[in-house]
There are 2 protein chains.
Amino acid sequence: MDENNEKYQQMLSTSLELFAKFGYKKTTVEDVATSINMTKGNLYFYVKNKKDLYEKTIDFALNQWKDFVNDAVNKEKDVVSKFRILAQKSIEYIENNRTVQTILINDPSIFTLSSTEDRFYNTNVSAMNIIKKILEQGIEEKMFFPVDVEHITEYLFSVYIMFLIKSYVKSDNSSLKKMFSEGLELTIRGLLLK
Amino acid sequence: MDENNEKYQQMLSTSLELFAKFGYKKTTVEDVATSINMTKGNLYFYVKNKKDLYEKTIDFALNQWKDFVNDAVNKEKDVVSKFRILAQKSIEYIENNRTVQTILINDPSIFTLSSTEDRFYNTNVSAMNIIKKILEQGIEEKMFFPVDVEHITEYLFSVYIMFLIKSYVKSDNSSLKKMFSEGLELTIRGLLLK
DNA sequence: CCATTGAACAAATCATTTAAATGTTCAGGA
DNA sequence: TCCTGAACATTTAAATGATTTGTTCAATGG
């Protein structure tokens, strides 16, 4: 089966909306199938089971997010700008995407803060690679302190996940934006040489 | 009722062990009462209900933790040493306390990353005050960059909670210590002037 | 008055059953 | 390769009653 199959993409896109609207339990495989004029039997040609459908759907959503950020970062040249754009666009995407917000609220375990039980490991690894490449560029260009790239990447990604949890999983927004920007400046000062 | 009442302290100490051993549901108020030669009716002289008993118990545990860290910090004079000791002792305490570890694993929501629904708000505020006082001293002594104290305090506390979640709520220990120390150095560089 | 008892009562939990809904498989066909 | 539809397997929901557990409170003694 071709991963770029149109029907397959349509299925993921539709099931994303349904899972967001009704949650995992209330969304039936029949709901998803009929929404795209498919029988539920046929849906099993594309996925192993309901859980697999769900995970492929979330993975699809996370990849869209990652691509959006990656494209924006690649438009910048200066390494500090890249870092700022990375932070800004990551937040901007979710702020403007009610569907993904709802998904995160319904299923906080998507961002589990634990890589060993991470169902979206591959996608998160490629998201972390965006950070990693910026750090490497910064160190290469003598702009950044020569940090331990692997561990600081993991650290920054975890801090980012923490913000997402505080913002969307819990709806704690009191002065969170200020905390985010102050934390960002602290981090940039910690990264910069001199 | 006196909060420093010996029977009351004994009750909290005993129920901490029982809640750690059996979890909230499997621990009955009668278990707690009989463990300290009390009838369950009498226990209601000290607490409103089972939930109240649980929260007073956790609060008791968190305060012991906080006091341990605070005492260690107050032995230092240099502001950077204070900051390092704060980080070190916070982790050391939980590393050596199997009981509190188990409590955290059984009830991840104790560290909720959300201050609005925080059942232990007062205790966490006084924990944050330890950070806040160090930041203020550092800025006063011209050692630290003049950061926004309120928001950076909240930021650092959240990062700390994130580490606790990664360490104890989830059992993800692969290179976590390295990540912690690298993140700590990054933060200290971000705090220091010059 | 403070701390305690024990019995009565209210509420939650558990085990079990049964019906309905939903998830999954698969032989066969376009 | 992609799809159908019916058969089958599994999960969920609701209902019931028994049992445990949580909570209240009048009475009691230090």
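Below, read A as the first sequence line, B as the second, and so on, with proteins coming before strands; counting in each chain starts at 1. What you are looking at is a predicted structure, and each value in this text was computed from that prediction instead of being measured.
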Fill in: Whole-Å distance separating the CD atom of A/E30 from the C1' atom of C/dT24
12 Å
Worksheet item: Got a sec, which pairs hit side-chain hydrogen bond (donor to acceptor under 3.5 Å, both in side chains) with one end in residues 29-42 of chain B, sequence neighbours left out?
Response: B/T28-B/D31
Item to complete: Can you tell me the distance, in whole Å, between the NZ atom of B/K50 and the P atom of C/dA10?
Response: 21 Å
Worksheet, complete the sentence: Taking five pairs at each terminus, the helix from C/dC1-D/dG30 to C/dA30-D/dT1 shows an axis bend, to 10°, of 60°
Discussion item. Check this one for me: any side-chain N or O of A/T39 less than 4.0 Å away from OP1 or OP2 of D/dT4?
Written reply: yes
Discussion item. Please determine whether a side-chain nitrogen or oxygen atom of B/Y44 lies at a distance below 4.0 Å from atom OP1 or OP2 of C/dT5.
Written reply: no
Response to the item:
Note: for A/K26 and A/L43 on DNA chain D, the residue whose nearest nucleotide lies more 5' is A/L43
Worksheet item: Given atom CG of B/D31 and atom C1' of D/dT20, what is their separation to the nearest angstrom?
Response: 12 Å
Item to complete: Could you tell me whether B/D78 and B/K82 make a salt bridge, using a distance below 4.0 angstrom between a side-chain N and a carboxylate O?
Response: no
Practice prompt. Identify, with sequence neighbours excluded, every residue that meets side chain to side chain contact (heavy atoms under 4.5 Å, CB included) alongside A/E92.
Written response: A/F68, A/Q88, A/K89, A/N96
Item to complete: Using whole Å, report how far NZ of B/K40 lies from C1' of D/dG22.
Response: 6 Å
Worksheet entry | Any side-chain heavy-atom pair of A/K132 and A/E136 under 4.5 Å | yes
Worksheet entry | Nucleotide of D/dA13, C/dT24, D/dT23 approaching A/K25 most closely (side-chain heavy atoms) | D/dA13
Discussion item. Side-chain N or O of A/Y46 versus OP1/OP2 of D/dC3: is the shortest distance under 4.0 Å?
Written reply: yes
Worksheet item: What nucleic acid atoms does B/N49 come within less than 4.0 Å of, heavy atoms only: base, sugar-phosphate, or nothing?
Response: sugar-phosphate
Worksheet entry | A/Y160: partners by side chain to side chain contact (heavy atoms under 4.5 Å, CB included), with sequence neighbours left out | A/W65, A/S90, A/I91, A/F157, A/L164
Discussion item. I need the CE-P distance between A/M38 and D/dT4, as an integer number of Å.
Written reply: 8 Å
Response to the item:
The residue, A/N42 or A/Y24, whose nearest nucleotide of DNA chain C is more 5′ is A/Y24
Practice prompt. Would you mind listing every salt bridge (charged side-chain N to carboxylate O under 4.0 Å, His left out) that reaches into residues 137-147 of chain B, with sequence neighbours excluded?
Written response: none
Worksheet item: Sequence neighbours excluded, which residues qualify as side chain to side chain contact (heavy atoms under 4.5 Å, CB included) partners of A/E182?
Response: A/K178, B/D148, B/H151, B/I152
Worksheet item: A/Q9 has an atom CD; how far is it from atom P of D/dC2, in whole Å?
Response: 14 Å
Worksheet entry | Nucleotide C/dG6, atom P - distance to CG of B/N37 in whole Å | 13 Å
Worksheet item: What's the NZ-P distance between B/K51 and D/dT23, to the nearest Å?
Response: 11 Å
Discussion item. Checking contacts here: which listed nucleotide (D/dC3, D/dT23, C/dC2) is nearest the side-chain heavy atoms of A/K7?
Written reply: D/dC3
